[in-house]
Amino acid sequence: MGSNSSVQFCGIPPGKGPHSVGCTDFMSAPEIQGSFFRLFYPCPDAGDYEEPLWIPRNEYYLGLADTLKSNRTLINYFFSYYFGSVKCPVKWNAPFKRGEKYPLIILSHGLGAFRTLYSAVCVGLASQGFIVAAVEHRDSSASATYYMEEKSPSHSADQVRGSLEEVWMYVKVLKQGEDEFPLRFQQVNQRADECLRALNIILDFNAGKHTANLLPSSFDWQLIKDSIDVQRISTVGHSFGAATAIKCLARDSRFRCGIALDAWMFPLKDEVFSEIKQPVMFVNSEKFHWVQNILTMKKMFSAGVERKMITIMGAVHQSFPDFTFLTGKLIGKLFKLKGNINPYVCMDIINNVTLAFLQRHLDLQRDFNKWDHLIDGEGEFIIPGTNVVLPPDQDETAKRHVEEIPARKDMGIAFKNP
């Protein structure tokens, strides 16, 4: 991978489960109010299918430049050079593997990310017999995304009236001194709407109801009919996506449980926590968190519902997206894409504790309980709870002043904090 570069990348890890993994993209109308997601799913072993590009379009490089507040031309050249040939280890548009009912996961990406940047998590879970829908958000929190709309009438003789064209939208960067909470609160609500919209579309396919896909694809969506276990639905998210997953739990009881990966709790109002009745697993990195963020998580802990927290020692906020696998040590450390833990070991912990928690709360008849010790923070590289030193009474007055919290500590893909 990365054939244009002399730097050797190990690449995004393939799934470790018994299933081969296929993937396809789906976009529905109408326009920006539609749904856009990448579906990862079990597929047959046979067949020769191409592996898709990890970053599928150059416009995403431009969005990453905006997210990083860097020159578009420079970032486009740099990313295209180093990552332009990186492939995702899946079978593009392979047929869906029928024969059993699979649990469904709706995944929400972090701020500045998009639907393909958590492929290691998605592939790992799909290989173990899950269907994973990675939503691409259109709330101006993705570094870049697009939707389809009808072309405007034109005098051009070769332009067909009523045909569709892409409309790209890029991440909204806060202005100096702008109040952040109103924007993030609006976004987390829209993000939850988009997750629920994706859930409804997928369940419609499961029920035999067809929604048109605006994207060219050879994938047969009718194969999904009667293949989803509608009683075993969960949500996973990273950073801003973890806050989105928590919001989804509050909004819809069809989600049986949630996994919050290095959650950024800032966009959530306190009243949402009392509305959540489902189990939640917090999987934290060593380097991301601060007192107030942890205290906000702890507001969700109750005696009646399992809420667990572990910390992966040596991990950083970028240990969850895929960039951590695609850089050498020097670049990885410089831009905080790598921690002190081996990224492949870290991803195994992330996926294994997720599988163990899902088995416990989705009542799966699998062997994922062999990783139950991870849920309790027992094992190499992990501790129970947090490494953040909390005040003895965990008083709200111990929170950091907002000016002390780096404004971009919430980033899903940021390379370094200012």
Side-chain angles (χ1 to χ4, degrees), residues 21-41 43 49-63 88 90-96 104-109 113-119 122 126 131-154 156 158-171 187 190-225 227-228 241 244:
V21 178
C23 87
T24 191
D25 283 339
F26 179 87
M27 182 185 294
S28 71
E31 300 183 345
I32 196 171
Q33 289 78 31
S35 185
F36 189 18
F37 57 84
R38 172 159 289 191
L39 197 76
F40 297 80
Y41 53 88
C43 72
Y49 296 88
E50 67 175 338
E51 293 184 342
L53 288 174
W54 174 54
I55 297 182
R57 300 283 295 273
N58 266 48
E59 287 86 350
Y60 289 106
Y61 298 138
L62 304 182
C88 182
V90 294
K91 297 181 178 184
W92 182 244
N93 284 329
F96 183 84
L104 173 64
I105 297 171
I106 304 295
L107 182 138
S108 176
H109 63 71
F114 42 91
R115 71 190 186 285
T116 71
L117 294 192
Y118 297 87
S119 292
C122 295
I131 298 172
V132 185
V135 176
E136 187 159 292
H137 292 295
R138 292 166 166 171
D139 62 330
S140 298
S141 70
S143 61
T145 188
Y146 69 101
Y147 58 92
M148 307 294 286
E149 69 176 12
E150 288 191 2
K151 290 182 178 179
S152 302
S154 170
S156 173
D158 59 355
Q159 187 175 45
V160 179
R161 182 184 297 272
S163 61
L164 298 176
E165 63 181 353
E166 297 174 357
V167 179
W168 282 86
M169 53 192 300
Y170 295 94
V171 65
Q187 287 177 323
Q190 180 176 334
R191 285 165 144 260
D193 288 340
E194 291 168 342
C195 288
L196 296 179
R197 195 173 299 134
L199 172 61
N200 289 333
I201 288 172
I202 295 168
L203 292 184
D204 278 348
F205 279 118
N206 184 65
K209 302 174 185 177
H210 181 73
T211 301
N213 187 2
L214 300 183
L215 302 176
S217 174
S218 61
F219 181 74
D220 186 358
W221 287 89
Q222 295 182 23
L223 293 176
I224 291 180
K225 183 181 178 181
S227 294
I228 295 174
T244 306

[X] (side chain) donor-acceptor with [Y] (main chain) under 3.5 angstrom:
| X | Y | value |
| --- | --- | --- |
| S28 | S35 | yes |
| N206 | K225 | no |
| D139 | Q190 | no |
| R138 | M169 | no |
| R38 | S119 | no |
| Y41 | A94 | yes |
| H109 | H137 | yes |
| E136 | A142 | no |

- Can you name the one residue among V167, L164, L214, I32 that meets side-chain contact (heavy atoms from CB on, under 4.5 Å) with E149? V167
- Given T244, L199, V135, the one that forms side-chain contact (heavy atoms from CB on, under 4.5 Å) with E194: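 Of the listed residues T244, L199, V135, the side-chain contact (heavy atoms from CB on, under 4.5 Å) partner of E194 is V135.
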- Item | side-chain contact (heavy atoms from CB on, under 4.5 Å) between Y147 and Q33, worked out | CA-CA 9 Å; Y147 58 92; Q33 289 78 31; over 6 Å; no
Rounded distance (nearest 0.5 Å) linking atom [atom1] of [X] with atom [atom2] of [Y]:
| X | Y | atom1 | atom2 | value |
| --- | --- | --- | --- | --- |
| K91 | E51 | NZ | CD | 10.0 Å |
| L196 | I201 | CG | CD1 | 11.5 Å |
| C23 | Y49 | SG | OH | 13.0 Å |
| L215 | E166 | CG | CD | 8.5 Å |

Which atom pair, heavy atoms only, marks the closest approach of [X] to [Y]?
| X | Y | answer |
| --- | --- | --- |
| S141 | V171 | O-CG2, 4.0 Å |
| Y170 | G63 | CD2-CA, 3.7 Å |
| C122 | V132 | SG-CG1, 3.8 Å |
| G34 | R197 | O-NH1, 3.4 Å |
| L223 | P95 | CD1-CB, 4.2 Å |
| I131 | S227 | CD1-O, 4.4 Å |

When you compare the side chain of [Y] with that of [X], does any pair of heavy atoms fall below 4.5 Å?
| X | Y | result |
| --- | --- | --- |
| P52 | V90 | yes |
| E165 | M148 | no |
| P56 | T116 | yes |
| F26 | F37 | yes |
| D25 | W92 | yes |
| F219 | I224 | yes |

- Task: Anything under 30° is parallel, anything over 60° is perpendicular, the rest tilted; go ahead and classify W221 against F205.
- Result: parallel
- How would you list, by chain and number, every residue that makes a ring-ring contact (aromatic ring centres under 6.0 Å, His included) with Y60, sequence neighbours excluded? F114, W168
- Test side-chain hydrogen bond (donor to acceptor under 3.5 Å, both in side chains) applied to S217 and N93, step by step: CA-CA 7 Å; S217 174; N93 284 329; 3.2 Å; yes
- Query: Are the aromatic ring centres of F36 and Y146 under 6.0 angstrom apart?
  - Reply: yes
